[in-house]
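The structure appears right after this line, and notes come after that.
So that the names make sense, note that chain A is the first sequence line, chain B the second, and so on, each numbered from 1. Scope of the values below: all heavy atoms of this structure, side chains included, with no hydrogens, waters or symmetry mates.
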Number of protein chains: 2
Amino acid sequence: MSNEDSGKALTDYPRPSVAVDVAVLTVHEETVKVVVVPSPRGPALPGTFLHPGERLADAADRALRTKAGLGGLDFHQIGMFDAPDRDERGWVLSMAHGTAVPPGIVESEVELVAVVDEKPVTSLAFDHGAMVALSVRDLRDRYASSVDPAGILGDRFTLLELRRLYEVVFDKDLPKDTFRRHVFGALTATGETSLAGGGRPAEVYRRSGAAALPESAAAMLRS
Amino acid sequence: MSNEDSGKALTDYPRPSVAVDVAVLTVHEETVKVVVVPSPRGPALPGTFLHPGERLADAADRALRTKAGLGGLDFHQIGMFDAPDRDERGWVLSMAHGTAVPPGIVESEVELVAVVDEKPVTSLAFDHGAMVALSVRDLRDRYASSVDPAGILGDRFTLLELRRLYEVVFDKDLPKDTFRRHVFGALTATGETSLAGGGRPAEVYRRSGAAALPESAAAMLRS
DNA sequence: CTAATAGTGTCTCTGAGACACTATTTG
DNA sequence: CAAATAGTGTCTCAGAGACACTATTAG
């Protein structure tokens with residue numbers, strides 16, 4: 001905020017309602033998907049109004065718990081959507097948040113909508129489609145500088161699983177040997193192996209610490 | 001926003017005041033600086049309360065015009081600051097915005113505070129110091145992918161001027177030949193020359209179109 | 001054995017960075 | 001002329017990407 005508006009007191013202006021909406025992204029069946037919930041205007045992102053004195057991230061958490069059965073995620077602010085006519089019910093600002101989760105923790109009755117080319121394939125209520133688009137870009141930015149920071153794969157995974165995840169997130173094929181050399185420094189081998197592939201067992205890795213990727217990895221991922 | 005909160009109407013909740021604050025960055029005398037204005041709590045970013053039905057960017061523009069004599073800039077949302085106790089006068093959320101300007105357009109009576117290591121050297125009111133820090137990071141992100149997108153140098157400049165600007169923004173020395181090869185593709189020669197240096201005249205360039213930099217430039221700039 | 005997948009040695013070629021040389025001005 | 005700055009040719013070395021080979025499983 002600021003110094004006061006030359007004599008205007010805080011209460012002099014009508015205030016907007018402030019809401020939060022959350023784009024919960026995941027990767028399932030080789031596709032980026034987003035959690036949506038039913039609303040009178042069709043599928044929408046889970047959201048809620050901010051309660052008095054509440055933090056935005058707490059409101060986001062509350063919305064996710066009550067509407068999608070998801071709790072304890074960490075949110076990123078994506079952008080404040082402030083078109084005065086974005087909600088016919090009145091003046092409502094909404095802070096869009098983004099997060100990502102492993103597909104397994106989304107309950108089966110929660111609906112997932114595929115996201116292709118940064119756009120949900122089903123059109124969403126309000127300006128929620130634009131929120132999803134920005135969330136996907138944010139996801140890419142974060143995945144370009146760190147190995148699976150949202151833990152979509154959980155804490156143990158093979159290089160094949162990791163590469164498939166990155167191919168879906170960045171929507172491009174990635175060569176296995178080059179990919180391996182780019183991410184290897186950010187991983188720690190667990191000693192375990194996985195036979196999921198059907199051929200030679202794959203080493204199982206976990207993220208090392210922050211799992212930071214070199215700048216060169218971002219160049220590879222963004223083409 | 002979202003589907004309504006199960007029966008709660010829009011007016012049922014007390015609403016926060018919503019403010020905007022703007023970190024106007026510039027580069028002057030080899031230093032990143034930020035525009036501050038006086039406030040009862042000491043130097044603060046220019047800001048104001050959002051008027052009914054107003055867009056955040058319009059409020060930001062209004063704050064800058066009335067408090068710093070700057071208009072028509074383009075703003076980037078930096079983050080919503082929402083600590084319930086961030087303003088003792090009440091519950092005030094503030095959307096921090098960032099922008100950058102050529103030093104020449106800042107009127108001489110407007111105060112500039114140097115920003116070192118992403119922190120203003122003078123402590124600012126409220127959480128404005130944190131807003132400045134985030135704005136500097138945003139500035140770096142934007143300058144890493146495009147040539148002087150905010151036009152701090154105006155539309156014509158020599159490579160020396162451009163390199164000095166980037167050295168200040170990224171706080172590191174940049175080799176002249178390597179720097180030149182990284183940015184050259186994003187520039188168009190004007191045919192004019194500048195004698196500002198005192199030696200051989202320097203070619204004057206302008207940004208070509210979007211002036212997008214290659215990914216490799218980001219790697220150089222971020223070390 | 002074959003098929004399938006995992007992992008790596010190695011080659012090539014690009015290009016980033018360093019160095020130094022040439023070019024063009026002022027005094 | 002010397003001094004200062006601008007611009008570039010060239011060398012080297014790292015490393016990205018491609019290819020192909022070896023490794024380890026199942027059947």
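- The nearest whole Å value for the distance from the CZ atom in B:R163 to the C1' atom in D:dA6 is 10 Å.
- With A:R140 contributing its side chain and A:V169 its backbone, the two residues share a donor-acceptor pair below 3.5 Å.
- Judged by distance alone with a 3.5 Å cut-off, no donor-acceptor contact links the side chain of B:R180 to the base of C:dG17.
- Minimum atom distance to the side chain of A:T178 is reached by D:dA16, of the listed C:dA16, D:dA16, C:dG7.
- By the salt bridge (Lys or Arg N to Asp or Glu O under 4.0 Å) test, B:R163 is found to be paired with B:E167, residues two or more places apart in sequence or in another chain being considered.
- Scanning atom types as modelled, one donor and one acceptor separated by under 3.5 angstrom connect the side chain of A:R181 and the base of C:dT10.
- DNA chain C is contacted by both B:L195 and B:M220; B:M220 maps to the nucleotide lying nearer its 5′ end (nearest heavy atom per residue).
- Nearer the 5' end of DNA chain D, as judged by each residue's closest nucleotide, is the contact made by B:Y205, out of B:Y205 and A:G198.
- Taking the six-membered ring for Trp and the full ring otherwise, the centers of B:F179 and B:Y166 sit less than 6.0 Å from each other.
- Following rounding to the nearest Å, A:E203 (CD) and D:dA23 (C1') show an atom-to-atom distance of 13 Å.
- Rounded to an integer number of Å, the gap from CZ of B:R200 to P of C:dT24 is 6 Å.
- Among D:dG7, C:dA6, D:dA18, the nucleotide with an atom closest to any side-chain atom of A:D177 is D:dA18.
- A:L174 places its CG atom 15 Å from the C1' atom of D:dA18, with the value rounded to the nearest Å.
- Remark: C1' of C:dA20 and NZ of B:K176 are 10 Å apart, rounded to the nearest angstrom.
- When the C1' atom of C:dG15 is taken as reference, atom CZ of B:F184 falls 17 Å away, rounded to whole Å.
- The phosphate of C:dG15 (OP1 or OP2) has no side-chain N or O of B:H182 nearer than 4.0 angstrom.
- The side chain of B:P201 approaches C:dT25 more closely than any other nucleotide in the set C:dT25, C:dG7, D:dT5.
- Remark: the backbone N or O of A:L45 is paired with a side-chain donor or acceptor of A:H128 at under 3.5 angstrom.
- Between B:S216 and C:dA16 there is a side-chain N or O to OP1 or OP2 distance below 4.0 Å.
- Put simply, the side chain of A:S208 gets close to the backbone of A:T188: a donor and an acceptor are under 3.5 Å apart.
- For A:E215 and D:dA16, the CD to P distance is 12 Å, given to the nearest whole Å.
- One atom, CZ of A:F179, and another, P of C:dT8, lie 15 Å apart when rounded to the nearest Å.
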